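See below for the structure under consideration.
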Amino acid sequence: MAESRRYISQAELENHKKPGDLWISIHGKIYDVTEWSHDHPGGALPLLNLAGQDATDAFVAYHPGLASQYLDKFFTRYYLKDYSVSEVSKDYRKLVAEFSKMDLFEKKGHGTCISLCFIALLFCISVYGVLCCNSAWVHLCSGGLMGFLWIQSGWIGHDSGHYQVMSSRKFSRFTQVLAGNCLAGISIGWWKWNHNAHHIACNSLDFDPDLQHMPLFAVSSKFFHSLASYFYERKMNFDSVARFLVSYQHWTFYPVMCFARINLFAQSFQLLLSKRKVPSRGQEILGLLVFWTWYPLLVSCLPNWSERVMFVVASFSVTGIQHIQFCLNHFSSSVYVGPPSGNDWFEKQTDGTLNILCSSWMDWFHGGLQFQIEHHLFPRLPRCHLRKISPFVKELCKKHNLQYNSASFWRANAMTIGTLRSAALQAKNLTNPVTKNLVWEAVNAHG
């Protein structure tokens with residue numbers, strides 16, 4: 001005789017969403033992932049953020065179909081009462097299945113190998129310019145090339161954080177550490193920890209670290225209430241200093257982006273030197289030590305301090321383009337306060353994301369970020385396929401009357417500055433609010 005199913009309600013499931021007690025629902029089956037959270041390749045944070053609710057769409061987005069066979073050992077023998085799937089989620093899961101049948105998740109092309117060769121060429125030219133030329137202009141260009149190299153290594157690091165970029169796991173790991181830690185000085189472990197949290201809680205003001213730049217930037221006046229960051233585990237105080245800096249953020253945005261890499265350097269070391277669990281910590285630290293050996297040594301080979309400063313500023317400023325690109329995709333999009341919800345996964349990803357319109361020959365420049373909506377919905381998909389699947393995503397959004405936002409690179413910059421300017425004006429006038437008449441709306445419109 002078949003065993004009768006045991007059910008728990010959504011309200012009961014929500015009681016299991018704290019550290020030490022993490023339950024999630026996948027396809028209506030309840031799993032206890034408390035112990036697994038310590039070994040989860042994506043870290044504990046995604047499980048903690050999605051615990052106590054159905055997380056099927058997020059699971060489908062981040063895991064291949066074969067991953068389902070490993071869930072049985074976490075099965076509690078409970079099922080979610082009144083489990084249902086929205087029409088949007090049904091269509092989304094059909095698309096994932098269709099792309100899997102087309103083998104798109106496994107066909108990675110030769111983009112990584114080509115990028116590595118290009119990076120090696122840029123590195124050799126930059127080093128040659130420093131060591132073998134006496135012209136200050138050549139040294140300046142060499143610094144710019146170094147910044148461009150960091151951009152390209154950043155795309156590889158971004159890709160490798162989502163899927164296996166090389167033929168084997170070991171070779172893929174070597175590529176990660178080489179491109180991220182050794183060449184760019186950025187911990188790939190920090191990147192994955194930060195970036196997974198961003199994808200899971202896309203544009204949540206208190207859960208998405210990519211929007212938490214207080215006291216320098218605030219994309220919403222909701223930050224004026226000193227929100228708590230559940231990623232950094234601290235309060236983002238909106239004090240007099242923060243108010244002053246935010247009041248001029250639309251002017252300081254580009255200058256800060258020129259040196260935003262310093263923040264990534266600092267956060268990489270902060271994570272690796274913390275007590276937080278970091279996979280392959282020794283490899284990560286060794287990779288950073290390689291970077292902080294060759295880069296200062298290269299800079300020291302320049303003839304004088306003015307040219308050394310010029311080289312560093314040029315390399316940082318050029319790679320600042322990439323930091324701007326990261327901001328364009330989300331700063332001007334919809335935001336919300338609170339944890340991510342598994343029940344509207346598709347909607348949250350499309351509402352909080354902006355695509356960049358460009359011709360196919362410019363895809364190399366944007367590194368896949370031009371199809372940010374597609375990337376957020378299918379993070380395991382190699383970027384060489386994002387343009388191909390874009391029409392399918394557009395059609396799905398159209399069918400369900402959902403946002404599919406896109407803008408040119410220049411328009412996206414204007415929208416981002418508009419968002420920052422709007423929040424800046426509100427910060428300035430907290431005690432004496434500006435009347436929002438039609439003129440005010442026209443001047444501060446940002447898309």
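On a predicted model such as this, the values are computed, not experimentally measured, just so you know.
- Atom OH of Tyr232 sits in a crowded spot, with more than 12 heavy atoms from other residues, nucleotides or ligands closer than 6.0 Å.
- To the nearest 0.5 angstrom, Leu396 atom CG is 7.5 Å from Leu402 atom CG.
- Asp21 has a carboxylate O that lies under 4.0 Å from a charged side-chain N of Lys18, or vice versa, which qualifies the two as a salt bridge.
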Stepwise ring pair (Phe, Tyr, Trp, His ring centres under 6.0 Å) check, Phe365 with Trp155 = CA-CA 10 Å; Phe365 175 75; Trp155 299 142; 8.2 Å; no

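- Formation of a donor-acceptor pair under 3.5 Å by the Asp32 side chain with backbone atoms of Phe74 is not found in this model.
- The backbone N or O of Thr34 lies less than 3.5 Å from a partner atom in the side chain of Ser37, making a donor-acceptor pair.
- Ring-plane geometry between Tyr7 and Tyr79 is classed as tilted, the angle between the planes lying from 30 to 60 degrees on a 0 to 90 degree scale.
- Judged purely by distance below 3.5 Å, without hydrogens or angles, the side chains of Asp363 and Gln370 pair a donor atom with an acceptor atom.
- For the residue pair Asn355/Tyr404, the side-chain donor-acceptor check at 3.5 Å is satisfied.
- Relative orientation of the His375 and His199 rings is perpendicular, given thresholds of 30° and 60° on the angle between their planes.
- At a threshold of 4.5 Å between non-hydrogen side-chain atoms, the residues His323 and Leu264 count as touching.
- Classification of the His63-Phe59 ring pair by plane angle, with boundaries at 30° and 60°, yields parallel.
- Put simply, the side chain of Ser204 never gets that close to the backbone of Pro339: no donor and acceptor are under 3.5 Å apart.
- In this structure the side chain of Gln349 never reaches within 4.5 angstrom of the side chain of Ile373, judged on heavy atoms.
- Using modelled atom types, one side-chain atom of Gln53 and one backbone atom of Pro340 make a donor-acceptor pair closer than 3.5 Å.
- Screening Leu47, Asn15, Thr76 for a side chain to side chain contact (heavy atoms under 4.5 Å, CB included) with Trp23, the sole residue that qualifies is Thr76.
- In this structure, Lys428 forms a cation-pi arrangement with Tyr248, its terminal cationic atom sitting closer than 6.0 Å to the ring centre and no more than 45° off the ring axis.
- Scanning both residues, Cys358 and Arg387, for their nearest heavy atoms gives O-NH2, 3.2 Å.
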inquiry  = Test side chain to side chain contact (heavy atoms under 4.5 Å, CB included) on Thr252 and Leu245; report intermediate values, then the result.
reply    = CA-CA 8 Å; Thr252 61; Leu245 293 173; over 6 Å; no

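- The shortest non-hydrogen separation linking Gly147 to Val318 is C-CG1, 3.8 Å.
- The main-chain N or O of Ser221 is never found under 3.5 Å from a side-chain atom of Gln426 such that the two would form a donor-acceptor pair.
- Residues Leu369 and Ile356 form no side-chain contact, since every pair of their non-hydrogen atoms from C-beta on lies 4.5 Å or further apart.
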key: Ser390 vs Glu374, side chain to side chain donor-acceptor pair (under 3.5 Å): CA-CA, chis, key distance, verdict   = CA-CA 7 Å; Ser390 180; Glu374 287 76 9; 3.1 Å; yes

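- A donor-acceptor pair under 3.5 Å links the side-chain atoms of Arg281 to the main chain of Leu272, judged by distance alone.
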task = Start with the C-alpha distance between Phe265 and Trp292, add both sets of side-chain angles, then the distance that settles ring pair (Phe, Tyr, Trp, His ring centres under 6.0 Å), and finish with yes or no.
result = CA-CA 10 Å; Phe265 291 154; Trp292 287 107; 5.1 Å; yes

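- Contact check for Cys202 versus His376: side-chain heavy atoms found under the 4.5 Å cut-off.
- For Arg380 and Phe105, the positive end sits near the middle of the six-membered ring, less than 6.0 Å away and at most 45° from its axis.
- Defined by atom type and a distance below 3.5 Å, a donor-acceptor pair is missing between the side-chain atoms of Gln283 and Asn181.
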Extract all donor-acceptor atom pairs below 3.5 Å that involve side chains of residues 207-219 and protein atoms in other chains or at least two apart in sequence.
unit_1, atom_1, unit_2, atom_2, d
Asp208, OD1, His198, ND1, 3.1
Asp208, OD1, Asp210, N, 2.9
Asp208, OD2, His198, ND1, 3.0
Asp208, OD2, Asn203, N, 2.8
Gln212, OE1, Ser229, OG, 2.5
Gln212, NE2, Leu205, O, 3.1
Gln212, NE2, Asp206, O, 3.2
His213, NE2, Asp210, O, 2.8

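- The environment of Phe171 atom CZ is sparse: at most 12 non-hydrogen atoms of other residues, nucleotides or ligands sit within 6.0 angstrom.
- The existence of a salt bridge linking Lys348 and Asp344 is confirmed by a sub-4.0 Å separation between a basic side-chain nitrogen and an acidic carboxylate oxygen.
- Checking Gln372 against His330 by side-chain atom types alone, a donor-acceptor pair falls below 3.5 Å.
- Ser160 places a side-chain N or O within 3.5 Å of a backbone atom of Gly157 that can act as its donor or acceptor partner.
- Within 6.0 Å of atom CD in Glu14, more than 12 heavy atoms from other residues, nucleotides or ligands are found, so the atom counts as buried in its surroundings.
- Taking 4.5 Å as the limit, some side-chain heavy atom of Thr112 sits within range of a side-chain heavy atom of Met166.
- At a cut-off of 3.5 Å, with distance as the only test, a side-chain donor of Ser89 or Ser86 sits close to an acceptor on the other residue.
- Between Glu395 and Lys398, none of the side-chain N atoms (NZ, or NE/NH1/NH2) sits under 4.0 Å from a carboxylate O, so this pair counts as no salt bridge.
- Between the side chain of Ser172 and the main chain of Arg169, no donor-acceptor pair closer than 3.5 Å is present.
- Among the candidates Tyr92, Tyr62, Phe346, the single residue satisfying the ring pair (Phe, Tyr, Trp, His ring centres under 6.0 Å) test with Phe378 is Tyr92.
- Classification of Arg173 and Glu284 as a salt-bridged pair holds, one side-chain N sitting under 4.0 Å from a carboxylate O.
- For the pair Trp193 (side chain) and Ile188 (backbone), a donor-acceptor distance under 3.5 Å is absent.
- Atom CE of Met415 and atom OG of Ser333 lie 6.5 Å apart (nearest 0.5 Å).
- Annotation: Phe174, atom CZ; neighbour count of heavy atoms from other residues, nucleotides and ligands within 6.0 Å does not exceed 12.
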inquiry  = side chain to side chain contact (heavy atoms under 4.5 Å, CB included), that's the test. Do Trp364 and Gln152 meet it? Break it down for me.
reply    = CA-CA 9 Å; Trp364 65 271; Gln152 297 308 310; 4.3 Å; yes

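- Atom CZ of Arg234 has more than 12 neighbouring heavy atoms from other residues, nucleotides or ligands inside a 6.0 Å radius.
- Between Leu354 and Ser332, the shortest heavy-atom distance links the atoms CD2-OG, 4.0 Å.
- Remark: Lys29 is not positioned above the aromatic ring of Tyr78, lacking an NZ or CZ atom under 6.0 angstrom from the ring centre and at most 45 degrees off the axis.
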Full working for side chain to side chain contact (heavy atoms under 4.5 Å, CB included) between His225 and Val337 = CA-CA 11 Å; His225 301 292; Val337 175; over 6 Å; no

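- In terms of modelled atom types and a separation under 3.5 Å, the side chain of Lys277 and the main chain of His38 share a donor-acceptor contact.
- Considering every non-hydrogen atom in both Arg243 and Ser247, the closest pair reads O-OG, 2.6 Å.
- A heavy-atom distance below 4.5 Å is found between the side chains of Phe253 and Phe331.
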message = Would His158 and Arg383 count as a side chain to side chain contact (heavy atoms under 4.5 Å, CB included) here? Give the steps.
response = CA-CA 10 Å; His158 176 260; Arg383 60 172 142 130; over 6 Å; no

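- Residue Tyr230 qualifies as open at atom OH: its count of foreign heavy atoms under 6.0 Å is 12 or below.
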